[in-house]
Amino acid sequence: MPSEPPISLAAESAEADAPTALAAVAASAHPVIDVDTLPVSRDALAPEPVADVSAAEVLLHFGEGAKARRWRVRGLSKNLAYEVLKVNVLAGCGEAFHVDTFDLYAARARAQFITQAAGELGASEDVLKADLGRVLLKLEALQDAQIQAALAPKKSEAAAPALNLEEHGAALALLRCPDLAGRILADFEACGVVGESTNKLIGYLAAVSRKLDRPLAIVIQSSSAAGKSSLMDAILAFVPEEERIQYSAMTGQSLFYMGQTNLKNKILAIAEEEGASRASYALKLLQSEGELTIASTGTDAATGNLITQEYRVEGPMSLFMTTTAIDIDEELMNRCLVLSVDENRDQTRAIHQLQRARRTLEGLQRKHEKQAILSLHRNAQRLLKPLAVVNPYADRLTFLDDRTRTRRDHEKYLTLIDTIALLHQCQRTIKTTTIAGQAVQYIEAALSDIELANRLAHEVLGTSLDELPPQTRRVLAQVRSLVRERMKSQGSLQKDIRFSRAELRAATGASDTQLKVHLARLAELEYLLIHRALRGQGFAYELLDDRAGDAGDSDTTGDTKHLPGLIDITALQNPATHDYDAQRSASNGQQSASGRGVVGLRSGVSPDAKPAHRAHESSLPADLAIQTLKPRATPARDTSTSYTPMQTPANHISLAA
């Protein structure tokens with residue numbers, strides 16, 4: 001039998017000659033196909049095999065019975081250029097197999113693989129060539145779909161699910177609740193989060209602020225096992241799934257490749273601040289600028305050449321993060337609200353009680369009711385619109401201005417007011433104004449929003465502006481309590497009291513590692529003085545700070561919960577209190593007399609000016625009326641000019657002297 005011309009899959013450009021080649025093959029009773037040389041159309045080959053495709057590998061099967069052959073291909077996902085198809089290929093028959101990694105587009109590598117596989121499997125090289133040709137065509141089709149998917153614009157997360165009438169009505173009723181803040185805290189309690197009222201409400205508001213142009217960011221700080229992660233997870237559970245993104249850690253460049261709109265008006269939650277340390281620069285930039293841009297070198301999918309590609313990530317986004325670090329990065333802390341977890345004994349006792357209650361029948365019922373509460377709040381947040389907020393009281397608000405950091409803290413305070421107003425948008429009138437030819441919808445902040453924001457700012461911003469972290473100030477309060485007890489029991493002065501770290505550890509129950517850190521911080525800031533111990537290599541401490549306690553400071557917490565400089569809400573309720581412009585001259589249509597009219601006895605004032613003076617006097621309020629005063633005695637002096645005093649009204653002061 002004459003030999004047949006070989007078939008080559010590499011010569012795809014010669015598809016016009018395919019009918020002649022196939023006719024020659026069909027004329028033979030037992031054609032021998034060489035897939036490396038014969039020009040042939042893809043459509044003219046054997047039927048395309050059924051492939052089992054997964055993220056890790058592609059599986060194909062040929063033949064039947066004892067001669068059934070299996071092919072496994074791994075590494076296809078790494079091939080994003082049309083010129084390269086380097087994969088790991090395994091050919092097997094029964095228990096025999098041959099595996100190698102090579103580029104399927106390299107003819108020599110294919111021939112070598114077929115030769116070696118034929119020896120291992122005991123199969124004909126011609127059969128394995130045909131199998132490999134079909135594998136190659138299948139992989140090309142999968143690769144093409146993979147490249148097209150990579151080049152297609154990335155879609156954002158799935159759209160929010162549509163609400164039925166019942167769900168919409170329940171969510172709207174929640175947003176219209178008169179005491180919405182109280183309802184939110186009650187639902188947190190029903191979901192098994194005890195205490196932490198301020199932290200829960202601030203966290204919920206920060207989640208809502210994602211719909212604003214400059215959202216709030218949250219860092220939850222506490223000691224290990226205090227419950228910071230549980231608090232963050234409880235807050236995020238109230239947020240719709242499609243509007244939050246959670247990671248355990250992030251690499252340095254990961255944020256730049258998140259997709260253009262994948263973070264816009266979303267919440268980015270990171271389990272630990274340490275896990276995002278390499279991405280801290282990108283996080284700070286995204287919070288400040290509202291977007292990220294990076295120029296990176298990549299491969300052109302069409303040509304394979306290296307090109308410069310620009311990646312852009314749009315904000316704004318709200319950041320949630322936890323940390324056990326006592327000293328937080330200053331730049332990060334300036335951009336975030338720092339929440340300190342309650343580590344008091346009463347809170348620990350309440351948590352223990354809750355943990356025991358979960359094992360009861362009532363706890364089982366609450367577990368099933370929790371999902372209904374979370375679903376209700378997620379639907380309510382889906383109804384919130386990203387409206388603009390106008391604060392009619394903004395020009396009368398006040399804030400602390402004794403340090404540059406308050407420039408950012410003041411913005412947090414104003415954003416807090418805007419967020420509270422945004423949360424209550426279903427209880428406000430939505431107004432419309434035209435700006436630059438476009439209709440803009442907005443709502444106005446109310447006095448109740450400012451009142452709630454002031455209360456929260458005292459407890460959050462008041463602590464964040466403190467030079468001591470909350471945990472360190474708690475240790476300082478415990479030191480003060482220990483020193484005062486010894487002063488009382490020993491009848492000594494404060495400067496004569498010394499205590500060791502072991503004594504403080506026994507009095508407070510704190511760990512030695514934590515006390516080392518906090519006492520060193522207090523000594524550095526000159527709250528404590530360190531002395532060499534009388535015996536051994538230890539140290540003794542002396543309390544230098546002789547204050548009985550800061551405003552809001554207590555022996556149990558040591559938290560400073562007061563932010564000076566905020567305007568009292570009662571002052572905003574009375575517009576006349578600070579309306580100085582209403583009392584300016586000529587504001588009521590009349591002008592005050594000139595200053596020279598009062599000293600008319602000396603300069604000579606026309607009698608015609610007197611009625612003007614009287615008219616002005618009659619217009620003054622009763623509490624500002626000028627009282628009749630007696631002229632003061634003037635020492636006699638020698639003067640060459642003599643004059644005769646004129647008669648003046650009784651309510652004018654004679655300044656002739």
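Below, all heavy atoms of this structure are taken into account, side chains as well, without hydrogens, waters or symmetry copies.
Without hydrogens or angle criteria, Thr322 side chain to Ile220 main chain gives no donor-acceptor distance under 3.5 Å. For Gln371 (side chain) and His368 (main-chain N/O), no donor-acceptor pair under 3.5 Å exists by modelled atom type. A donor-acceptor contact shorter than 3.5 Å is absent between the side chain of Lys200 and the backbone of Ile235. Of the possible donor and acceptor atoms, one in the side chain of Arg210 sits under 3.5 Å from a partner among the backbone N and O of Ala207.
Within the structure, the side-chain hydrogen bond (donor to acceptor under 3.5 Å, both in side chains) test picks out the following pairs touching residues 163-184 (sequence neighbours left out): Arg183-Asp187.
Classified by interplanar angle (parallel below 30°, tilted 30° to 60°, perpendicular above 60°), the ring pair Tyr257/Tyr311 is perpendicular.
Contact check for Leu268 versus Leu283: side-chain heavy atoms found under the 4.5 Å cut-off. For the pair Met321/Leu319, a side-chain contact is recorded, criterion being any heavy-atom separation below 4.5 Å from C-beta on.
To the nearest 0.5 angstrom, Glu451 atom CD is 5.5 Å from Ile569 atom CD1.
Side-chain contact of Asp342 with Asn344: a donor-acceptor pair under 3.5 Å is present, judged by distance alone.
A salt bridge does not link Glu243 with Arg382: every distance from a Lys NZ or Arg NE/NH1/NH2 to an Asp or Glu carboxylate oxygen is 4.0 Å or more.
Nearest heavy-atom pair, Ala446 versus Tyr393, reported as atom, atom and distance to 0.1 Å: C-CE1, 4.4 Å.
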